[in-house]
Amino acid sequence: MATTMTSSSSSAAANKPAKFVVRNADAVDLAKSNHPIATGVGFFDHMIDQFNSHAQVGVGATVVLLRRRSSEEAAAAAKEAESEEADLSDKNRLSEPPEDQSELMSEMGRALGTKFAALIDAEAMQPSSSAAEGDGAEGDGAVLVRSSRFCCPLDEALVECVLSVPAPSGSSASGAGELIEFTLPPYGIYPSPRGRTRIGRMCTSSLRAFFEELASSSGLIVSLKKVRGDNGHHVVESAFKAFSRALRNLLDGTDTGGGGSGSGNGDAAGGGPSFESVWGVESPSHSAGLELSRSAELSRSTRETSISVKLRLDGGGGCCADAAGGGISIETGVGPLDDFFATLAKEAGISLNVECGGDTWVDDHHTSEDVAIAVGQCLNKALGTKAGLNRMWCAAGKSGDAEVEVTMDLSNRPCLTHDLSLSSNAGGEEYVVGPSSSSSSPPEAPSSSSSSPLSVEMFEHVLDSLVSQGQMTVHAVQRKEGSSVFETAMATAVAFGRALRMCAAVDVRRAGKTASSKGTLSV
């Protein structure tokens, strides 16, 4: 059946004859749609396809232009469109005139939103215990049954999406949906300050109309906020992927935040009433990881360092001699570096054994860089092709006063972007000084048996080398500066480890397929 809809932005628009009809709108949970995506705007097709790859919701829809008829003939035109064979070979057949794209996207938003609403059924969206006790989030006076937050990292963009299900009111089956925040424009900085007006043949000014109708028709309260983004294409892509991932979590009853439903605070690897059943130690995901028994080891020697790394992603403690320490043993000769990797490994739930003999009598540079490179290479080797993995997650960590959120994508497109207070730290620290040290000044040149300091500039280099060799995209957002750079470093380690744990998790529903609209991350 075709669905004919008109824009609801004004009463005048509601009385105008429809220009478009949406046929075969479909949204199938954890399955493929039998219908193609054919909106008539090529780049928009590509964005809609993100629901397939990242929400794991099979989406299909075809937009057809109605013949120009009088209002009395509009209904007949809609019926006629059902029997007409549209020429779908031209992927941009409806991109002109550009002023019609807002209406086209509104129709798509309304058609897909209606299908999404059917997926968010009342039984699956029952309030969690915290919401039932009155601790649920609220927005504009409406109690929210459940919220899901996700940030999607691309190498030149980071967008946050929050989806909330409002509690039903009166006799209605669900609460009213609304787009309450939309800060994606400008779309990049080329040119500044205007950004992109078109990406391919899609008009960026029309995107808001799509998300407004998607929110209204799905019954979701939607927030889309650009955290950063210089590339217009990636800003839009990040928004669609963030929405898709947040929708998947909402349907699963999980969230990137700890503390249960609606918290959305990212303070742990994850939360929500169904988190343990989907990702916990008793879940099929955990069992599938154990079966893979992913591990890697590496030894490398130069005139500057001699390094041995053993890493196991699944099971913990399996490859390291120090089983009493949880399978984590880090001895690099650089104390804060040991602390960083030990904390990261603990939060990631991995076994990690690192031994390094380096020229710390020179300084910390060679040891810090080479250890980060080696650990990153082992991570990348253990992760393999990344097929079947969850791939993306965001998590926050705290240490002392510091609070940092890390958003990670095992993308095979390495990029680190951060706003950590390193060069501009409040204390003017040159070194990462742990709690056992009393001064930020470097100690006297250490002997071969003592621990070397870690300079602040090398801590940043460690992050960059780890991300680069691990073949991942990472955005680190500083929520609160620590009282020392050490606190900031440890908060980053906690968040990084928690995000890695969830990115590396096996999603058995993907049946070994890559979470990408490209179908692969290898090329």
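This is a predicted model, so every value here is computed, not measured.
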Residues passing the salt bridge (charged side-chain N to carboxylate O under 4.0 Å, His left out) test with R294, sequence neighbours excluded, are D314
Using a distance-only test with no angle check, is there a side-chain donor-acceptor pair under 3.5 angstrom linking D155 and T473?
-> no
For the student: nearest non-hydrogen atoms of L454 and S368, plus distance | CD1-OG, 3.3 Å
Would you say E460 and V456 make side-chain contact, with heavy atoms under 4.5 Å?
-> no
So, E160 and R149, do they make that salt bridge, N to O below 4.0 Å?
-> yes
Using distance alone, with no hydrogens and no angle criterion, decide if N390 and R245 have a side-chain donor and acceptor under 3.5 Å apart.
-> yes
Is the closest basic N to carboxylate O distance between R509 and D252 below 4.0 Å?
-> yes
Closest approach of I180 to S223 (non-hydrogen atoms, all atoms of both residues) = CG1-CB, 4.3 Å
In plain terms, say whether R248 and D29 are close enough for a salt bridge, that is, a side-chain N and a carboxylate O under 4.0 Å apart.
-> yes
Taking ring pair (Phe, Tyr, Trp, His ring centres under 6.0 Å) as the test, write out the residues that go with F341, two or more places apart.
-> none
How would you list all residue pairs meeting ring pair (Phe, Tyr, Trp, His ring centres under 6.0 Å) that involve residues 219-239, not counting sequence neighbours?
-> F43-H233
Not counting sequence neighbours, list each pair that qualifies as a side chain to side chain donor-acceptor pair (under 3.5 Å) and has a residue in residues 272-283.
-> none
Has Q478 got more than 12 heavy atoms of other residues, nucleotides or ligands less than 6.0 Å from its CD?
-> yes
Can you run down the salt bridge (charged side-chain N to carboxylate O under 4.0 Å, His left out) pairs that involve residues 363-376, sequence neighbours left out, and say none if there aren't any?
-> R300-D370
The complete set of ring pair (Phe, Tyr, Trp, His ring centres under 6.0 Å) pairs with one or both residues in residues 464-509, sequence neighbours excluded, reads none
